[in-house]
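The structure under discussion appears below in the form of structure tokens.
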Amino acid sequence: KAPRGFPAPGAPGFIRRMRVVEKQEQGISMVFFALVLALLILPLLSVATDLTRYVWVRSVLQRGADAAAEAAAQRADIAHFQQTGEVRFEIDAQTEAVRVASAHVSPLLAKSVYPSLDYVVLDEGRNTVHVGLSANSRLLIAGGLRGTTVRVDGVAELRMRRSVRP
């Protein structure tokens, strides 16, 4: 016995009616596929984009912090060290670190990421320079409402020897 609304299996309209049902099922599978795409793949894409952005921001900041620390370390007063054996930085060492850090992190500004110089520490006792940079990067997964702060520290160490004059 045929279900209500369907012709009997041997009737002439039976095959035609089954083809209509198959077309309707294909439409449902397209809707299902669209929902799966929207609910699973798009969030995964935003996570991948956020992770890539975070790694890029961190690498630009790290390069800037390392370069700034190295630039400040190169501003050691060599003449004073040769005479006394103690490390002393020139007056403009901190200014040089700020200048170099600003130059290295400028690509972030084009992507609306605003870096800041947190500190420049010239440690003459340990012969090191520490430079800290940070930036706030907006995340797509949070709808751009919440930012993630990325912080890095660049360190340069001075290694000098006094030359012996004959």
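None of the values given here were measured: they were computed from a predicted structure.
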With heavy-atom distances below 4.5 Å as the criterion, would you say the side chains of [X] and [Y] are in contact?
| X | Y | value |
| --- | --- | --- |
| Val60 | Trp56 | yes |
| Arg58 | Val55 | no |
| Glu124 | Phe89 | yes |

Are [X] and [Y] joined in one hydrophobic group, where the rule is that I, L, V, M, F, W and Y side chains link up if heavy atoms are under 4.5 Å apart?
| X | Y | answer |
| --- | --- | --- |
| Val150 | Leu117 | yes |
| Leu133 | Leu109 | no |
| Val155 | Leu61 | no |

Heavy atoms of other groups near Leu37 CG, more than 12 under 6.0 Å: yes
Those residues that, when tested against Arg126, pass salt bridge (Lys or Arg N to Asp or Glu O under 4.0 Å) (two or more places apart): none
Pairs involving residues 108-117, ordered by first then second residue, that meet side-chain hydrogen bond (donor to acceptor under 3.5 Å, both in side chains) (sequence neighbours left out): Ser116-Asp118, Ser116-Ser134
I'd like to know if the side chain of [X] reaches the main chain of [Y], judged simply by a donor and an acceptor atom lying under 3.5 Å from each other, with no hydrogens or angles considered.
| X | Y | result |
| --- | --- | --- |
| Gln62 | Asp153 | yes |
| Arg99 | Ala68 | no |
| Asn136 | Thr148 | yes |

For the [atom1] atom of [X] and the [atom2] atom of [Y], what is their distance to the nearest 0.5 Å?
| X | Y | atom1 | atom2 | result |
| --- | --- | --- | --- | --- |
| Asn127 | Glu86 | CG | CD | 10.5 Å |
| Glu70 | Leu158 | CD | CG | 8.5 Å |
| Asp77 | Glu90 | CG | CD | 5.5 Å |

Non-neighbouring partners of Glu157 that pass side-chain hydrogen bond (donor to acceptor under 3.5 Å, both in side chains), sequence neighbours left out: none
Atom of Gly154, atom of Ala65 and distance for their closest heavy-atom approach: N-CB, 3.6 Å
Closest contact, heavy atoms only, Thr52 versus Ala48: OG1-O, 2.8 Å
List, one per line, each side-chain donor-acceptor pair under 3.5 Å for residues 101-108, sequence neighbours excluded.
from	atom 1	to	atom 2	distance (Å)
Ser102	OG	Val98	O	3.0
His104	ND1	Val100	O	3.0
Ser106	OG	Ala103	O	3.1

Cluster companions of Leu44 among Ile, Leu, Val, Met, Phe, Trp, Tyr (side-chain spacing under 4.5 Å): none
Connected hydrophobic set around Val121, excluding itself, where side chains approach under 4.5 Å: Tyr119
Derivation and outcome, salt bridge (charged side-chain N to carboxylate O under 4.0 Å, His left out), residues Arg75 and Glu96: CA-CA 8 Å; Arg75 302 301 295 178; Glu96 184 67 11; 5.5 Å; no
Side chain to side chain contact (heavy atoms under 4.5 Å, CB included) between His130 and Val120, worked out: CA-CA 6 Å; His130 292 266; Val120 176; over 6 Å; no
